[in-house]
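Just follow the structure's listing: the first ligand is 1, and inside any ligand the first atom is 1.
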Amino acid sequence: MYLSIDLGEQTRATLNRPFQLLIDGAWTDSQGDDTLDVFNPADGSVIATIPAGNKQDIDRAVSAARRAFESCPWSVMTPGHRAKMLWRIADLIEARQEEFAELETLDNGKPIMMSKKVDIPASIAILRYWSGWCTKIAGQTPVVDLPGEFLAMTLREPVGVVGLITPWNFPLMAAVSKLGPALAAGCTVVLKPAEQTSLTAIRLGEVILEAEVPAGVVNIVTGLGGVAGAALAEHDDVDKISFTGSTAVGKSLIGAARGNLKRLTLELGGKSPTIILPDADLAKAIPGAANAIFLNSGQVCVAGSRLYVAQRHFDEVIEGLVKIAARYRLGPGLDPTTIMGPLVSDKQQKRVLDYIGSARAEGANVVAGGNPVGDQGYFVEPTIIRDVNPQMRVVQEEIFGPVLVVTAVEDLDELAALANDTIYGLSASIWTRDISIAYKLAKKIRAGTVTINSGSITGPNLPFGGFKQSGWGRENGVEGIESFTELKTVITAL
Ligand code: NAD
C-alpha cells in the first residue's frame with residue numbers, strides 16, 4: 001500500500017471527500033447509482049470511488065451549458081473578464097501544486113517528479129497562455145470584388161456548447177488544453193475525463209467554482225466512455241466535440257456526430273518513428289531515443305516507439321539503449337527516486353505484455369525487459385525488441401507502453417517510406433548533424449510534428465495534431481482557438 005508515502009494533508013482530505021458531478025455550478029449526485037473504483041496503479045488498491053455518470057447526467061450538464069451559453073453573463077462577459085478568470089484558475093492550481101501533483105501521481109501512476117515538474121506547471125502555463133487569447137480573437141476585413149461599395153468583415157464567434165473528452169495519460173494537461181481555448185473563445189463546456197484518472201479533473205472543478213466562473217459554464221461528468229462519453233458525443237445540443245484518445249474511439253465519434261453534424265476535432269494515436277542517421281551525435285541520440293519511448297512509461301501519444309538506425313550504428317545503439325533500460329528505476333510514482341512508474345491499469349499492463357508476447361511469437365528478439373515487475377501494481381520493464389519486420393503487430397500498432405522496436409536501415413533512401421509505413425502520422429524525430437538532410441527528410445514525413453535532434457516538444461502555442469489516422473484538426477496556437485469558433489461574414493452595402 002503506497003498511499004502512506006508522504007501524502008500531503010490536503011491530498012488526504014480531498015481523497016476523503018465524497019466525489020460528485022459538477023453540473024450548473026453545484027456538486028450533485030448522479031441520477032443513477034453506478035460508481036467507479038479508482039485504483040492506485042502502483043499496488044492495485046482502491047483509493048477513491050467516483051460517480052459513473054449516465055445519459056441523464058449528461059443531459060442535465062448539456063442543458064446547464066446551453067443555458068449558460070445563451071443567457072448567462074459568460075457569453076457576453078468582456079474578454080478581459082474571461083482572461084482574468086482563466087488566470088485566476090491558473091493561480092489557484094499553482095497555490096495547490098503539491099496536492100494536484102500528488103493526486104495525478106496516485107491516480108495515473110507517473111513519477112511524482114514528473115507530476116511536479118511537468119504535468120502541473122505545464123497545466124498552469126497552458127491556462128495562462130489561453131488567458132491571453134481572450135482579448136486577441138479577431139476577424140478580417142476582406143475586399144468585396146463587386147460593383148458598388150461594400151464593407152465586409154469576418155467575425156469569430158464561439159462555437160457554442162462543447163464536449164471535452166480526455167484520456168488518462170496526462171489527465172490535467174489534457175483537460176486544460178481543451179478547457180483553456182474553449183473558455184477563451186467564449187464557449188461553455190461539459191468535460192468527461194477518462195474513467196481511470198478523473199481525480200484532478202474533479203479538483204479542477206472545485207478550483208473553477210472558487211474562481212467564481214458562472215454556473216453552467218464548466219460542467220464535469222465522470223463516467224465510462226461507452227456511457228457518459230458516448231451520450232455526450234451523440235447529444236444533439238452539443239455543437240462540438242474535442243476528443244483526445246484512441247483512433248478506434250475517435251472513428252466511432254464520426255458516427256456519433258452525424259445527428260446534428262457537430263464539429264469534431266480528434267487527437268488520436270501514434271506510432272512515431274525516431275530516425276538516427278549515420279552522422280548523428282550518438283551521445284545525444286541514444287538517450288534521446290530512450291527518453292522518447294520510456295517517458296511516462298511509454299504512455300505518450302507521440303512516443304518514439306519505432307527506431308530506425310543506420311546499419312553501421314545498429315549494434316552500438318542497441319548496446320547503449322539496453323544499458324539505459326537497465327538503469328531505469330521502476331517503482332511507485334510517489335517514491336521520489338522512481339524514474340518509471342507503473343502503467344495506468346491492469347488492462348493496459350495485459351495489453352502491453354500481449355504485444356511483447358506477439359513479437360516473440362513472430363520471431364523477434366527481446367533484448368531488454370519484456371516482463372512484468374513485482375507481484376503488485378501494473379509494472380512492465382522498459383523493453384527493446386530487435387529483428388522485427390514491417391508487418392509485425394509491434395511495428396504497425398500503437399502499444400502505448402514502454403516498448404521500442406528497432407530496425408537497421410541499409411538504404412537511407414528508404415527512410416521516409418519506412419517512417420510513413422503505418423496508419424498513423426502524429427510525430428517523428430530525426431537525429432543528424434546535417435540540417436539540410438534533416439529538412440529534406442522532414443518534408444517527406446507525413447506527421448503533424450517533426451523534431452530534429454530532440455525528442456518531441458509541445459507547448460500551447462505550437463500547433464499539435466496528426467496526419468492520416470492520428471486525427472482531425474489541430475490543438476494549440478491560432479489553429480487551436482479557431483477550432484472553438486465559427487466564422488461569420490457580415491457584408492454591408494455602403
Ligand atoms: P480511449 O479512446 O479509450 O479513451 C479516451 C477517452 O474517450 C476517455 O475519456 C474515454 O472514457 C472516452 N471514450 C471511450 N469510449 C468512448 C465512446 N464510445 N464515446 C465517447 N467517449 C469514449 O483512449 P485511452 O485508452 O484513454 O487513451 C489512450 C489513447 O489516447 C492512445 O491511443 C493515445 O495515442 C491517445 N492519445 C492521443 C493524444 C493526442 O494528442 N493525439 C494524446 C494522448 C493520448
Side-chain angles (χ1 to χ4, degrees), residues 36 50 52-55 58 107-108 110 119 122 126 163-178 190-198 201 220-235 238 241-257 262 264-272 293 295-305 343-345 347-352 355 397-401 422-427 447-449 456 458-460 462-476 480 483:
L36 295 168
I50 58 171
N54 57 27
K55 185 173 175 325
I58 289 291
D107 212 3
N108 169 279
K110 65 179 66 198
D119 290 63
I126 288 166
L164 313 176
I165 303 179
T166 53
W168 43 257
N169 57 343
F170 291 91
L172 186 65
M173 276 173 73
V176 298
S177 294
K178 296 182 185 302
V190 178
L191 167 64
K192 208 302 283 169
E195 50 268 45
Q196 300 86 347
T197 57
S198 296
I220 301 174
V221 179
T222 53
L224 291 173
V227 180
L232 185 59
E234 282 163 11
H235 205 294
V238 170
I241 292 287
S242 173
F243 172 82
T244 299
S246 61
T247 293
V249 173
K251 285 182 183 179
S252 79
L253 299 188
I254 298 170
K262 58 177 67 68
L264 208 49
T265 43
L266 303 173
E267 296 292 344
L268 308 177
K271 188 73 185 175
S272 298
I293 182 63
L295 184 83
N296 212 35
S297 303
Q299 302 165 120
V300 181
C301 53
V302 293
S305 49
L343 300 182
V344 73
S345 63
K347 185 175 159 206
Q348 192 63 15
Q349 185 194 36
K350 284 194 192 90
R351 174 188 158 96
V352 172
Y355 270 110
E397 297 175 24
E398 181 179 48
I399 299 174
F400 226 54
T422 73
I423 61 166
Y424 298 107
L426 195 56
S427 178
T449 301
S456 193
T458 181
L462 300 172
F464 180 79
F467 282 35
K468 301 195 285 183
Q469 295 189 35
S470 287
W472 276 357
R474 293 291 178 272
E475 288 195 336
N476 302 343
S483 80

| remark: So for Q196 against ligand 1, with non-hydrogen atoms under 4.0 Å, the contacting part is neither
| message | Geometry only, no angles: is L224 polar-contacting ligand 1 at N/O separations under 3.5 Å? | response | no
| atom 2 (O) of ligand 1: nearest protein contact (heavy atom, Å) | S246 OG, 2.7 Å
| message | Which option wins on minimum heavy-atom distance to atom 35 (C) of ligand 1: G245, G269, C301? | response | G245
| said: I want to know if ligand 1 touches N169 in the polar sense, i.e. an N/O pair below 3.5 angstrom. | reply: no
| Which heavy atom of the protein is the closest neighbour of atom 24 (P) of ligand 1, given with residue, atom name and distance? | W168 NE1, 3.3 Å
| Just wondering, are more than 12 heavy atoms of other shown residues or ligands nearer than 6.0 Å to NZ in K468? | yes
| query | For ligand 1, which atoms, with element, lie under 4.0 Å from some heavy atom of L253? | reply | 19 (N), 20 (C)
| remark: Nearest non-hydrogen contact to atom 33 (C) of ligand 1 from the set Y424, F170, F400, F243 belongs to F400
| remark: Per-atom filter on ligand 1: closer than 4.0 angstrom to a heavy atom of F464 are 39 (C), 40 (O)
| query | Heavy atom of L232 under 4.0 Å from ligand 1? | reply | no
| Which of the atoms in ligand 1, numbered in the order shown and given with their element, are less than 4.0 Å from a heavy-atom of A194? | 8 (C), 9 (O)
| query | Counting both backbone and side chain atoms, is some N or O of L426 under 3.5 Å from an N or O of ligand 1? | reply | no
| For atom 11 (O) of ligand 1, which protein heavy atom lies nearest, and how many Å away is it? | E195 OE1, 2.5 Å
| query | Any N or O on S470 sitting closer than 3.5 Å to an N or O of ligand 1? | reply | no
| Residue selection (non-hydrogen contact nearest atom 5 (C) of ligand 1) among I165, T222, V249, T244 | T244
| query | With a 3.5 Å cut-off and no angle check, do the side chains of E397 and Y355 form a donor-acceptor pair? | reply | yes
| Atoms of ligand 1, numbered as shown, that sit under 4.0 Å from any heavy atom of A230 | 19 (N), 20 (C)
| Does one side chain, of K110 or Q299, offer a donor that lies under 3.5 Å from an acceptor on the other? | no
| said: Among all protein heavy atoms in this structure, tell me which lies nearest to atom 34 (O) of ligand 1, with the distance rounded to 0.1 Å. | reply: E398 OE2, 2.5 Å
